[in-house]
Amino acid sequence: ASTLGASAAQTGRYFGAAIAAGRLGDATYTGILTREFNSVTPENEMKWDATEPSQGRFTFTNGDRILNQGLSNGSKVRGHALLWHAQQPGWAQSLSGSALRTAAINHVTQVASHYRGKIYAWDVVNEAFADGGSGGRRDSNLQRTGNDWIEAAFRAARAADPGAKLCYNDYNTDGINAKSTGVYTMIRDFKSRGVPIDCVGFQSHLGTSIPGDYQANLQRFADLGVDVQITELDVAQGGNQATIYATVTRACLAVSRCTGITVWGIRDSDSWRTGENPLLFDNSGNRKAAYTSVLNAL
Ligand code: XIL
């Protein structure tokens with residue numbers, strides 16, 4: 001096939017992009033989006049600060065724009081992200097203890113209910129593990145409400161939208177290391193105790209190299225009985241960009257429970273990694289070598 005989405009679909013997978021509501025009026029951007037991708041993720045529009053700017057008052061206008069863009073194009077929509085230590089509204093940042101726990105679970109319930117039946121997969125919890133060698137949880141206001149905050153969030157999400165796959169999503173978990181093993185241990189525990197979880201997202205914000213055990217890491221999670229997805233792929237533009245993109249693509253194809261890949265933006269000029277040119281299309285919307293590399297690997 002001649003596009004990323006159609007090629008991924010040949011093996012039952014999707015190829016998606018993170019998109020921004022504010023760019024949907026850009027014809028070059030939307031042209032590439034509708035041509036190439038069959039999944040979308042809101043880059044910011046479904047985050048806590050965007051959807052509940054004051055407590056109990058929900059604003060879904062921009063999230064709905066992303067949703068409708070995806071659905072009208074026949075694409076999957078990944079929901080991102082219900083709970084995260086970052087991009088919280090100020091009112092939540094100033095809460096703690098049971099008040100924060102109650103507010104957080106209410107947030108999960110309200111947002112997942114608004115989008116019930118429409119979302120392919122939700123990142124229910126984002127980035128809850130610490131970097132470095134501890135393998136433990138990241139300190140955050142949410143973590144300080146009790147170690148069971150993650151499972152409480154997953155149970156609330158399942159109750160609110162039983163049709164959505166529920167994912168845990170993180171970065172620097174792309175190879176086998178202390179952080180990814182911490183996540184692995186949590187997923188294994190959730191599966192053994194019946195906590196509802198269906199998938200693990202690997203952000204894959206990569207520099208100029210990729211862990212040699214990238215595929216093996218995806219496979220060990222898949223072997224726990226969850227789907228795996230590459231959720232926020234971007235790769236620094238060094239000498240190896242095209243090769244690294246192909247390696248990620250081949251790794252996903254080699255793992256039967258790897259259901260799809262999402263790149264974190266469309267053109268280099270759309271990327272949050274300013275100056276790193278980490279995406280598949282250049283500033284003018286032309287296909288880069290990395291694009292051809294991915295297409296050939298699919
Ligand atoms: C980034 C967005 O791309 C930026 O526009 C925003 O300013 C900050 O967040 N991990 C995630 C994403 O899970 O939500 C982040 O997105 C990038 C890192």
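Whatever order the structure lists them in is the order used to number ligands and atoms, beginning at 1. Only heavy atoms go into these numbers, but all of them, side chains included; no hydrogens, no water, no symmetry mates. Numbering starts at 1 and runs along the sequence shown.
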Check: Q143 main-chain N/O paired with S140 side-chain donor or acceptor under 3.5 Å: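 Yes; judged by distance alone, with no hydrogens or angles, the pair exists.
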Contact list for residues 211-259, test disulfide bond (SG atoms under 2.5 Å apart), sequence neighbours left out: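 As it turns out, the disulfide bond (SG atoms under 2.5 Å apart) pairs with a partner in residues 211-259, which skip direct neighbours, are C252-C258.
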Chi angles and distances behind the salt bridge (Lys or Arg N to Asp or Glu O under 4.0 Å) call for D282, R267: CA-CA 5 Å; D282 69 17; R267 299 163 300 195; over 6 Å; no
Residues clustered with I176, ILVMFWY side-chain links under 4.5 angstrom: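 Grouped by the 4.5 Å side-chain rule, I176 forms a cluster of one, so the answer is none.
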Show me the short polar-atom pairs for ligand 1: any N or O of it lying under 3.5 Å from a protein N or O, with distances only.
{"from": "ligand 1", "atom 1": "3 (O)", "to": "E43", "atom 2": "OE2", "distance (Å)": "2.5"}
{"from": "ligand 1", "atom 1": "3 (O)", "to": "W264", "atom 2": "NE1", "distance (Å)": "2.9"}
{"from": "ligand 1", "atom 1": "5 (O)", "to": "E43", "atom 2": "OE2", "distance (Å)": "3.3"}
{"from": "ligand 1", "atom 1": "5 (O)", "to": "N44", "atom 2": "ND2", "distance (Å)": "2.9"}
{"from": "ligand 1", "atom 1": "9 (O)", "to": "K47", "atom 2": "NZ", "distance (Å)": "3.2"}
{"from": "ligand 1", "atom 1": "9 (O)", "to": "Q87", "atom 2": "OE1", "distance (Å)": "3.2"}
{"from": "ligand 1", "atom 1": "10 (N)", "to": "E127", "atom 2": "OE2", "distance (Å)": "3.1"}
{"from": "ligand 1", "atom 1": "10 (N)", "to": "Q203", "atom 2": "OE1", "distance (Å)": "3.3"}
{"from": "ligand 1", "atom 1": "10 (N)", "to": "E232", "atom 2": "OE1", "distance (Å)": "3.0"}
{"from": "ligand 1", "atom 1": "13 (O)", "to": "H80", "atom 2": "NE2", "distance (Å)": "3.3"}
{"from": "ligand 1", "atom 1": "13 (O)", "to": "N126", "atom 2": "ND2", "distance (Å)": "2.9"}
{"from": "ligand 1", "atom 1": "13 (O)", "to": "Q203", "atom 2": "NE2", "distance (Å)": "3.3"}
{"from": "ligand 1", "atom 1": "13 (O)", "to": "E232", "atom 2": "OE1", "distance (Å)": "3.2"}
{"from": "ligand 1", "atom 1": "13 (O)", "to": "E232", "atom 2": "OE2", "distance (Å)": "2.7"}
{"from": "ligand 1", "atom 1": "14 (O)", "to": "K47", "atom 2": "NZ", "distance (Å)": "2.8"}
{"from": "ligand 1", "atom 1": "14 (O)", "to": "H80", "atom 2": "NE2", "distance (Å)": "2.7"}
{"from": "ligand 1", "atom 1": "16 (O)", "to": "K47", "atom 2": "NZ", "distance (Å)": "3.4"}
{"from": "ligand 1", "atom 1": "16 (O)", "to": "W264", "atom 2": "NE1", "distance (Å)": "3.3"}

For Y29, all residues meeting ring-ring contact (aromatic ring centres under 6.0 Å, His included), sequence neighbours excluded: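 ring-ring contact (aromatic ring centres under 6.0 Å, His included) list for Y29, sorted by chain: empty.
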Name of the residue among F58, W91, W84 meeting ring pair (Phe, Tyr, Trp, His ring centres under 6.0 Å) with W48: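 Considering F58, W91, W84, a ring pair (Phe, Tyr, Trp, His ring centres under 6.0 Å) with W48 is found only for W91.
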